[in-house]
Amino acid sequence: FTYIHKYICVLCKINIGCEEERYWLMLSQSLRPNTWDELAGQKENVKILKTIIKNPENSPKSLIFAGAFGSGKTTSARIMARELNKIKDENFDLLSSPFYYEFDSTVVGNVEEIRRLRDNFSLSYGDYWRVIVFDECHAVSNAAQTALLKILEEVQGKNFFILATTHVQKMLPTIRSRSLELKFDCVPAPEVVANLTKVSEAKGFNIPEDIKDIIANRSGGHMRNAHM
């Protein structure tokens with residue numbers, strides 16, 4: 001374990017805003033993809049999302065990203081927001097921008113919070129496309145899901161709602177019927193290995209092939225696990 005851990009617990013020193021501020025972050029955080037080309041796996045989903053980005057006005061505004069943890073659901077939502085708004089700067093602080101919102105449904109999962117959010121997103125934000133993500137939305141109560149359904153039905157303008165979940169079967173059938181559902185599968189081992197090769201080359205260290213194979217197998221197809 002110690003030998004493997006040497007390679008999968010690497011910390012990278014990165015600049016996250018200005019030359020004076022440098023922080024040590026876990027490799028999985030610093031390597032979160034900013035483009036579709038950097039995303040491991042999910043080729044069919046990427047094709048669908050690229051099509052939506054080309055013609056957002058006539059595309060479904062409610063999307064369900066369903067699948068295992070660490071398979072790229074919230075990462076894909078962030079890339080979608082960047083692409084919709086033509087953000088090319090990899091250092092751009094998306095989480096502080098006015099067109100991307102990411103909510104933990106275990107925190108904002110009650111009816112009152114959902115209704116408050118409906119008021120906040122009733123209007124568009126200029127020429128930007130807003131991407132609003134409810135992470136682990138299956139954790140929302142049935143009453144709150146009903147309130148969320150009202151948002152999906154009523155909110156107009158340049159808004160996309162992405163409902164990310166690891167347990168899609170717990171979501172209301174009415175929400176699923178009004179959303180485009182994309183299934184995020186675990187990443188195949190060969191693609192995990194290819195990603196580890198790309199990562200190690202970019203960061204300037206070498207991971208032996210047998211270690212990459214072990215990491216890929218033990219990750220279970222979850223890229224976040226492979227990077228941690």
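Heavy atoms only: backbone and side chains are in, while hydrogens, waters and symmetry mates are out.
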Tell me whether [X] contacts the main-chain N or O of [Y] through its side chain, where contact means a donor paired with an acceptor under 3.5 Å.
{"X": "E191", "Y": "G41", "result": "yes"}
{"X": "S179", "Y": "E181", "result": "no"}
{"X": "R82", "Y": "L94", "result": "no"}
{"X": "N85", "Y": "W129", "result": "yes"}
{"X": "R178", "Y": "T174", "result": "yes"}
{"X": "H222", "Y": "F69", "result": "yes"}
{"X": "S105", "Y": "D135", "result": "yes"}
{"X": "K73", "Y": "A68", "result": "yes"}

Is there a side-chain contact between [X] and [Y], using heavy atoms and a 4.5 Å cut-off?
{"X": "N142", "Y": "Q145", "result": "yes"}
{"X": "I64", "Y": "F161", "result": "no"}
{"X": "P56", "Y": "L84", "result": "yes"}
{"X": "L149", "Y": "L172", "result": "no"}
{"X": "L152", "Y": "L163", "result": "yes"}
{"X": "Y100", "Y": "I132", "result": "no"}
{"X": "S71", "Y": "M223", "result": "no"}
{"X": "P33", "Y": "I79", "result": "yes"}

Rounded to the nearest 0.5 Å, what's the gap from [atom1] on [X] to [atom2] on [Y]? Could you check?
{"X": "K170", "Y": "R176", "atom1": "NZ", "atom2": "CZ", "value": "13.0 Å"}
{"X": "D127", "Y": "F99", "atom1": "CG", "atom2": "CZ", "value": "12.0 Å"}
{"X": "S62", "Y": "E153", "atom1": "OG", "atom2": "CD", "value": "10.0 Å"}
{"X": "T74", "Y": "R32", "atom1": "OG1", "atom2": "CZ", "value": "4.5 Å"}
{"X": "I87", "Y": "R78", "atom1": "CD1", "atom2": "CZ", "value": "15.0 Å"}
{"X": "F184", "Y": "T75", "atom1": "CZ", "atom2": "OG1", "value": "9.0 Å"}

Considering residues, nucleotides and ligands other than Q169, do more than 12 of their heavy atoms fall under 6.0 Å from its CD? yes
Heavy-atom pair of closest approach, residues [X] and [Y]:
{"X": "E38", "Y": "N34", "value": "OE1-N, 2.7 Å"}
{"X": "V187", "Y": "A40", "value": "CG2-O, 3.7 Å"}
{"X": "L196", "Y": "I207", "value": "O-CD1, 4.4 Å"}

Within one Ile-Leu-Val-Met-Phe-Trp-Tyr cluster: V193 and V199, side-chain cutoff 4.5 Å: no
Given V46 and L49, is the side-chain contact (heavy atoms from CB on, under 4.5 Å) satisfied, shown in steps? CA-CA 5 Å; V46 169; L49 294 174; 5.8 Å; no
Just do the side-chain contact (heavy atoms from CB on, under 4.5 Å) check on N217 and V192 with the steps written out, would you? CA-CA 9 Å; N217 291 329; V192 175; over 6 Å; no
Applying salt bridge (Lys or Arg N to Asp or Glu O under 4.0 Å), run through D210 and K212 and close with a yes or a no. CA-CA 5 Å; D210 59 331; K212 284 188 284 191; over 6 Å; no
Would K61 and F160 count as a cation-pi pair here, with the cationic atom under 6.0 angstrom from the ring centre and within 45° of the axis? yes
